[in-house]
Number of protein chains: 4
Amino acid sequence: MPRPRTEDKRKRILEAAVKVFARKGYFAARVSEIARKAGVADGTIYLYFRSKEDILVKLFDEVMAEHVQQMREALRGLATTPARLRAIAERHLRVLGANRDLAVVFQVELRQSTRFMERFTASWLQDYFALLNEVMEEGQGNGSLREDLNRKVATKVFFGALDEMVTSWIIGGKGYDLGQLAIPVVDLFLQGAGAPGRIARVRPALAGAAPGRGGK
Amino acid sequence: MPRPRTEDKRKRILEAAVKVFARKGYFAARVSEIARKAGVADGTIYLYFRSKEDILVKLFDEVMAEHVQQMREALRGLATTPARLRAIAERHLRVLGANRDLAVVFQVELRQSTRFMERFTASWLQDYFALLNEVMEEGQGNGSLREDLNRKVATKVFFGALDEMVTSWIIGGKGYDLGQLAIPVVDLFLQGAGAPGRIARVRPALAGAAPGRGGK
Amino acid sequence: MPRPRTEDKRKRILEAAVKVFARKGYFAARVSEIARKAGVADGTIYLYFRSKEDILVKLFDEVMAEHVQQMREALRGLATTPARLRAIAERHLRVLGANRDLAVVFQVELRQSTRFMERFTASWLQDYFALLNEVMEEGQGNGSLREDLNRKVATKVFFGALDEMVTSWIIGGKGYDLGQLAIPVVDLFLQGAGAPGRIARVRPALAGAAPGRGGK
Amino acid sequence: MPRPRTEDKRKRILEAAVKVFARKGYFAARVSEIARKAGVADGTIYLYFRSKEDILVKLFDEVMAEHVQQMREALRGLATTPARLRAIAERHLRVLGANRDLAVVFQVELRQSTRFMERFTASWLQDYFALLNEVMEEGQGNGSLREDLNRKVATKVFFGALDEMVTSWIIGGKGYDLGQLAIPVVDLFLQGAGAPGRIARVRPALAGAAPGRGGK
DNA sequence: AATGAATGAGAGTTCATTCAT
DNA sequence: AATGAATGAACTCTCATTCAT
């Protein structure tokens with residue numbers, strides 16, 4: 001068992017945890033198996049993490065810290081709202097599509113309990129929804145999105161659509177490229193499914209909308 | 001100790017289970033607590049269910065059997081595709097919006113593990129996606145939906161949007177009426193978020209789409 | 001399921017119990033399985049027996065009551081000590097050899113615990129040893145057995161030999177006729193294994209012998 | 001809480017198990033009681049043994065491994081067949097007579113079920129019977145045992161006699177010295193109970209004998 | 001007498017976490 | 001820092017027994 005003395009131990013533990021959580025599920029995952037896969041002793045895990053739960057939480061925080069950061073940067077260079085939405089969708093799908101185990105942890109294991117869900121929402125998702133809201137608000141300002149767009153609903157629909165793409169991809173197990181779905185999803189989001197000219201806008205899209213996760 | 005002979009025992013156990021699963025999470029839920037809440041002895045549970053997991057599975061199957069059935073019937077009387085989509089959305093949101101504990105079980109506990117997820121997908125979700133697909137295919141036939149609509153993507157977007165509405169509602173904990181979101185969600189799905197006339201349809205919504213859960 | 005109203009129910013329960021105890025072992029035997037095999041309801045068993053243990057105890061008592069009785073009668077007609085010992089051995093081996101399940105219960109299940117063993121010894125075995133002692137004492141009196149025979153040891157050796165024949169027969173599973181072993185066992189007991197004339201009786205067979213089960 | 005590092009833990013657990021099994025019986029014995037008596041935590045037992053049953057099985061194997069070995073060695077120095085049979089009997093009785101709890105486990109607990117019995121027979125008893133067979137065959141060869149001796153029957157009678165001595169000693173609870181019974185038992189086995197010169201050998205000791213446990 | 005649904009006490013085993021080395 | 005043996009709390013499920021019918 002190679003035991004590099006460099007302190008990538010923490011990283012090795014996190015990587016091992018992703019695999020074990022993804023394959024066994026959080027509850028069925030054994031700390032000792034994570035340790036074995038990381039090439040460390042059981043007790044060593046507790047030098048880096050407070051508890052089994054802490055591994056999951058830190059895993060999430062670390063991945064998120066990296067990608068939310070990158071996402072904001074990626075948007076800087078993009079001029080139009082559709083381009084920005086596409087970039088967001090693509091990054092969302094590519095990050096999770098690149099590592100099925102990580103995707104399983106994010107789509108399944110992290111939603112183990114309302115407790116995790118709330119944490120999940122409170123930290124990263126909040127930011128994500130705020131970002132979507134900004135982009136859409138700007139889109140409304142520059143005329144690329146409907147003025148009457150209910151952004152609360154729209155941000156959730158957008159996120160929900162992407163989220164379901166990822167979940168379907170995991171469950172389906174068919175191994176297609178998740179990232180390529182960004183364009184059709186965003187196109188559908190922008191254009192709608194209705195035939196052009198056919199949908200009379202009988203009523204403005206609900207005025208009094210609901211707050212929700214991500215809502216401020 | 002009263003020995004109620006009525007055979008609502010099974011039902012009482014399921015109702016108690018919904019509450020306990022919703023509040024504690026499936027793993028942390030104790031069979032003895034379900035029994036206590038149902039007013040039966042621990043052992044009695046095992047006269048009606050094979051195991052703790054069986055309670056969750058049966059819970060799901062029973063609720064689904066009822067609502068998938070009702071949903072198909074509800075669609076019979078509806079003429080237009082938008083009306084049908086709205087009916088589907090409304091039922092989806094109202095059923096879960098009417099019982100927060102049940103919603104938690106469906107949104108959170110049932111997704112505990114890929115094992116449950118797969119079961120979930122294989123049984124009910126499959127039907128649900130098939131139904132959405134039919135309605136959309138018909139919509140394309142009668143001209144109310146775009147001919148170039150990628151139904152694989154569209155059904156997932158539609159489902160994902162509703163699913164996220166429910167999850168947000170649970171997590172947000174703000175207690176608004178979930179059912180009222182059906183109309184804005186469906187409207188957004190049909191019209192799209194883009195300003196009318198502004199989105200040049202640069203490319204047809206992706207031809208070669210991905211299969212996935214619900215895909216046939 | 002035929003349910004003869006005659007009150008052979010008790011007998012049917014005992015017969016079912018022999019089978020179930022023999023096949024599963026006393027601890028693994030389920031009262032409900034005995035009930036099923038006997039064609040009665042679980043609760044009915046408790047109208048005839050106080051407990052699961054009571055079934056085993058009564059089973060033993062009933063079989064014994066019958067055979068100890070018969071054994072004493074059978075000896076009446078026999079003149080010589082060797083004939084009497086052969087009759088005892090033959091009955092012992094034939095009774096158990098005729099019903100493997102019963103033999104299993106007597107050889108294995110009834111020796112589950114020192115508690116059963118002590119009961120077993122206190123009731124029937126005591127009588128059995130007393131009978132053997134009588135026959136041997138008489139044999140010493142009429143000159144057919146050695147005068148210096150230590151009867152305490154001899155009765156145990158005789159019983160132990162038969163007991164081992166039965167156990168071997170059960171475990172071996174070869175299905176030969178157990179009863180036919182009576183003659184060689186008794187012959188060996190009487191003649192000894194030593195070559196005639198070769199064994200110098202260096203010392204009288206232990207004067208101060210041990211008391212033991214069956215011993216008074 | 002002292003954390004004794006010495007690795008006699010395994011031995012302490014086995015010793016505790018002998019006591020608890022002997023006093024309570026295998027089924028009624030509680031793992032937690034064995035742990036308490038051994039001065040270890042419940043879980044520690046499972047670092048050394050796979051299960052409660054494994055404790056019993058290992059207990060048996062370990063004791064046997066030691067004594068079968070010693071028995072063969074002890075026979076090397078002995079010239080005559082009677083001396084060898086006496087040595088076997090003495091060792092058998094002394095080993096079990098030295099530790100009543102161990103004797104209870106071997107005579108009673110290990111015969112809990114046909115499953116244990118078969119294991120018991122298949123492993124050690126087989127060897128024991130083979131050894132007895134060898135010694136007796138040799139005795140026939142050197143003229144110290146009858147030529148017509150049915151060794152199948154004789155080995156079982158010999159073993160059964162010793163086995164019953166042990167069982168009687170346990171049940172009787174009178175605390176005499178078990179080892180001293182070796183001589184009278186072996187003498188009886190060799191000389192027989194019949195008065196010399198009185199038993200006309202009417203028929204040769206059964207030719208077609210039964211196979212059985214220990215039989216090849 | 002008979003039923004069988006209901007009871008509820010009870011225990012083997014696992015595994016996250018600790019801590020002496 | 002690292003180890004891994006030891007800990008002990010915790011929980012599902014079984015099944016002998018009861019008792020309302």
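To find a chain, count down the sequence lines: A is the first, B the second, and so on, and within it residues start at 1. Because the structure is a prediction, the values reported are computed rather than measured.
Between B:E33 atom CD and E:dG8 atom C1' the separation is 17 Å, expressed in whole Å. Computed from coordinates, the B:R50 CZ to F:dC13 P distance equals 11 Å when rounded to whole Å. As a whole-Å value, the separation of A:R36 CZ from E:dA16 P is 13 Å. Distance B:I13 CD1 to F:dT12 C1': 15 Å, rounded to the nearest Å. Rounding to whole angstrom units, CD1 of residue A:I45 and C1' of E:dC19 are separated by 17 Å. In this structure, D:Y26 places its OH atom 12 Å from C1' of E:dA11, rounding to the nearest Å. The nearest whole Å value for the distance from the CZ atom in A:R12 to the P atom in F:dA1 is 15 Å. Atom-to-atom, CG of C:D54 to P of F:dA16 comes out at 14 Å; the value is rounded to the nearest Å.
Take D:F116 and apply the ring-ring contact (aromatic ring centres under 6.0 Å, His included) test, not counting sequence neighbours, and it matches D:Y26.
The nucleotide whose nearest atom lies closest to any side-chain atom of A:T44 is, among F:dT17, F:dT7, F:dA2, F:dA2. For D:V31, counting side-chain heavy atoms from C-beta on, the closest listed nucleotide (F:dT17, E:dT17, E:dT13) is E:dT13. Side-chain atoms of B:D42 lie closest to E:dA9 of the nucleotides F:dA2, E:dA2, E:dA9. Ranking F:dA2, F:dC13, E:dT7 by closeness to the A:L47 side chain, first place goes to F:dA2. For B:R30, counting side-chain heavy atoms from C-beta on, the closest listed nucleotide (E:dT3, F:dC11, E:dT17) is F:dC11. Each of E:dA6, E:dA16, E:dA2 was ranked by its minimum atom distance to the side chain of A:K52; first place goes to E:dA16.
Between C:R36 and C:D42 no salt bridge is recorded (no basic side-chain N to carboxylate O distance below 4.0 Å). One finds no salt bridge joining B:K19 and B:E33 here, because no Lys/Arg side-chain nitrogen approaches an Asp/Glu carboxylate oxygen to under 4.0 Å. By the 4.0 Å N-to-carboxylate-O rule, C:R119 lies close enough to C:D61 to be salt-bridged with it.
Comparing D:S51 and B:V40 along DNA chain E, the residue whose closest nucleotide (by nearest heavy atom) sits nearer the 5' end is B:V40. Residue A:G43 is the one, among B:Y46 and A:G43, whose nearest nucleotide of DNA chain F lies closer to the 5' end (criterion: closest heavy atom). For the pair A:A41 and D:A41, both in contact range of DNA chain F, the more 5′-proximal nearest nucleotide belongs to A:A41.
Nucleic acid contact for B:A29: sugar-phosphate only, since backbone atoms but no base atoms lie under 4.0 Å from a heavy atom of the residue.
Minimum heavy-atom separation, B:E109 to B:L56: O-CD2, 4.2 Å.
A:F60 and A:F106 have tilted rings, their planes meeting at an angle from 30° to 60° on a 0 to 90° scale.
Residues C:V108 and C:F21 form no side-chain contact, since every pair of their non-hydrogen atoms from C-beta on lies 4.5 Å or further apart.
Between A:K9 and F:dA2, a side-chain N or O to OP1/OP2 separation shorter than 4.0 Å is present.
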*asked:* If a pair means Watson-Crick or G-U wobble with both distances below 3.5 Å, what does DNA chain F look like in dot-bracket form, with | marking bases paired to a different strand?
replied: .||||||||||||||||||||
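Of the possible polar contacts, none joining the D:R50 side chain to the D:L47 backbone as a donor-acceptor pair under 3.5 Å is found.
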